[in-house]
Structure formats: C-alpha cells, structure tokens
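Worksheet: one structure, shown below.
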Amino acid sequence: MPDPQADAEVAPPVSITIQAGVDHLAAVRAFVRASAIPAGADAETVADLVQAVDELVCNVVEHGYAGRPGSVEVAFVPSADRLAFRIRDDAPPFDPTAVPEPPLDRPLERRHLGGMGVHLARTLTDEFSHRILPTGGNEVTVRKLLRTATEGTPDGHRDRPTKR
Amino acid sequence: MDIATDQPSADLAVIALTGELDGSNFEQVIGAGRAARDGGASRIVLDLAGLTYMGSSGLVAIHSIALLLHGQEPTSPEDGWQAIHDIGTGAAADDAPALVLAGPPPAVHRVLDRSGMLSLFPVHADREAAVAAASA
C-alpha cells in the first residue's frame, strides 16, 4: 500500500476524470504525456507510463465497470525522483497486482491475452500497488523512477526490483 | 486511427494502420482483417509503421487476424483459445507466413517483444520487405 508520506511531494496532484468508456482512453494518454513530459522524463519513461496507465484504465472500463456507467480518476503525483500515477474507480474490488503472469511461451492457439495489459503495466513500471479505498472503490498506483533525457536515473540504477 | 487496405495481388492484402491503436478501435482492425480474408486474401501484411501508440488491445487484433487467416474464429481474449484446433492447418498451407508485421516503431516493437509476439510472427523493417516475405 502506498504510504502518502513516503514521497515528499514537490507539486500538488493534478488529475483528470473520465467517464468509463474506451473512447476516453486517448484523453487519459494525453494527460499522462502532458504530465510526464514537463517533469523532464525521457521518451522511454513517458512511453512506459502512457502504456501502463492506458492498460490499467482500459481494464477498469472493460472489466471493472463492464459496461456500467462510472468514472475513473487519474492523478499525477510527482516527487523528487519518481513519477506516479494514481488511478481511482468505484468499481467492484479488484487487485490487478494479483493477476498471474501470462504464459508467454505457449503455442499461439493455447494463449489468451486477457492478462497482457496488466503484465505490461507491471513490467514497464518500477512500482505497482493496489488498495481498496475507504469508499469501496479501487486505487491502483504505478510509479517509475524519473529518468531524464540528459542525466539518466538518480543513483544510476534502472533495476526493477521484484519484477518477473 | 486510420486503416487503409491495399491488395497488391489476389491473395495478399496490406493493411496499414496510422495513429493510436487502443481499446476503442482494435475491433476495427480485426474487421479489416476479416474483410481482407473474405475478399480472397490468404496472407496479410500488417503495416504498423504509422502507429504512434499500441495498447495490448492491438495484440488481440494481431492474434485474431492470425486466427482468421487460419480459418478460425477469434473468441474473447478472456475465454482463451484452448479449444481451437492446430493453427498449422487452414488457409495458408504452404511455406509463406500468413501474417507478417511491418515497420513497428520502437514503442510498438517493445509491446510485441514483452508480450512474446515477436517469436510468433515475422517482423520486417518496412512494408516492402514484409510484402516480399509474404509473397515468397
């Protein structure tokens, strides 16, 4: 569970709220880009965050709400050395971090791609967490170390602990 | 996202995608693949060079078109494809690959790589090379 005190926030969160619908995914991706690029993230970091948030919000829309009306809030929470996006919904409790890894080595006809979006969100970010909100909805947070176009990662490490 | 289909020969279609491929439009890509197959194409080159984004929904589209070319119907990704017959049988019975991917930009290539798709489909640097491979 994310500790709100773990990161000394350097700017107040800024958020976008969409109605649950795949037609609004493009607006979410635009929000992630508009948040991460001015923070100084390099192109790969931005692309990874765009993908992770898009996949997770798409999952909320398609499976969490499953056609029912609802809203999804995506908030940008930057700190000194990392960029976080926090996704909140009012859908039934679901922990994407508990989704098992998809079998990538199966023959094509034996594969199913249902868990692929979560797999991408997990592998493209440095931290991936979920909690149930007091109001009953879900909060999923993805974090990525801030790697800038000019200076690389703070402390020079790009490892993804506990991944794979 | 724009979809442009070209049929350079009777049994080969080239489907070029431009823009962002995501959960809102991947079914249109499957529809384009189905239309090409129904129009006589047994091989398809999917030209990804114009994509600025591809979500995992795009993987479902690629997977589904491959199944269509092998005479199978894509089902919901949530159901899996466990019941589906051997993919070696179907429309493209000879040596040329049925589905060839062309020109994925780096971010799209990364998605293909991390999902294990690169080992399943031939990927060529550009449309011309992909068409040549699919015509072999």
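Any value given below was found using the heavy atoms of this structure, including those in side chains, with hydrogens, waters and symmetry copies removed. In what follows, every chain begins at residue 1, and chains take the letters A, B, ... in the order their sequences are listed.
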For the residue pair A:Glu55 / B:Ser56, report whether a side-chain donor-acceptor contact shorter than 3.5 Å exists.
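The answer is yes; a qualifying pair exists.
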With a 4.5 angstrom heavy-atom cut-off, which part of A:Val50 approaches chain B: side chain, backbone, both or neither?
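Both backbone and side chain.
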Ignoring hydrogens and angles, tell me if any N or O in the side chain of A:Asn138 forms a donor-acceptor pair with the backbone of A:Arg131 under 3.5 Å.
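Looks like no, no N/O pair under 3.5 Å.
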Say you draw a straight line from CD1 of B:Ile62 to CD1 of B:Ile30; how long is it, rounded to the nearest 0.5 Å?
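It comes to 10.5 Å.
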Among the listed options A:Asp54, A:Leu120, A:Asp23, the residue most often paired with chain B at heavy-atom distances under 4.5 Å
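Result: the option with the highest number of such pairs is A:Asp54.
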With chain A as the partner, which of B:Ser57, B:Gly55, B:Pro106, B:Ala107 has the greatest number of non-hydrogen pairs under 4.5 Å?
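The candidate making the most pairs under 4.5 Å is B:Gly55.
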Go through the steps to decide whether B:Arg110 and A:Gln51 satisfy the test side chain to side chain contact (heavy atoms under 4.5 Å, CB included), and finish with yes or no.
CA-CA 11 Å; B:Arg110 210 144 38 99; A:Gln51 186 108 34; over 6 Å; no
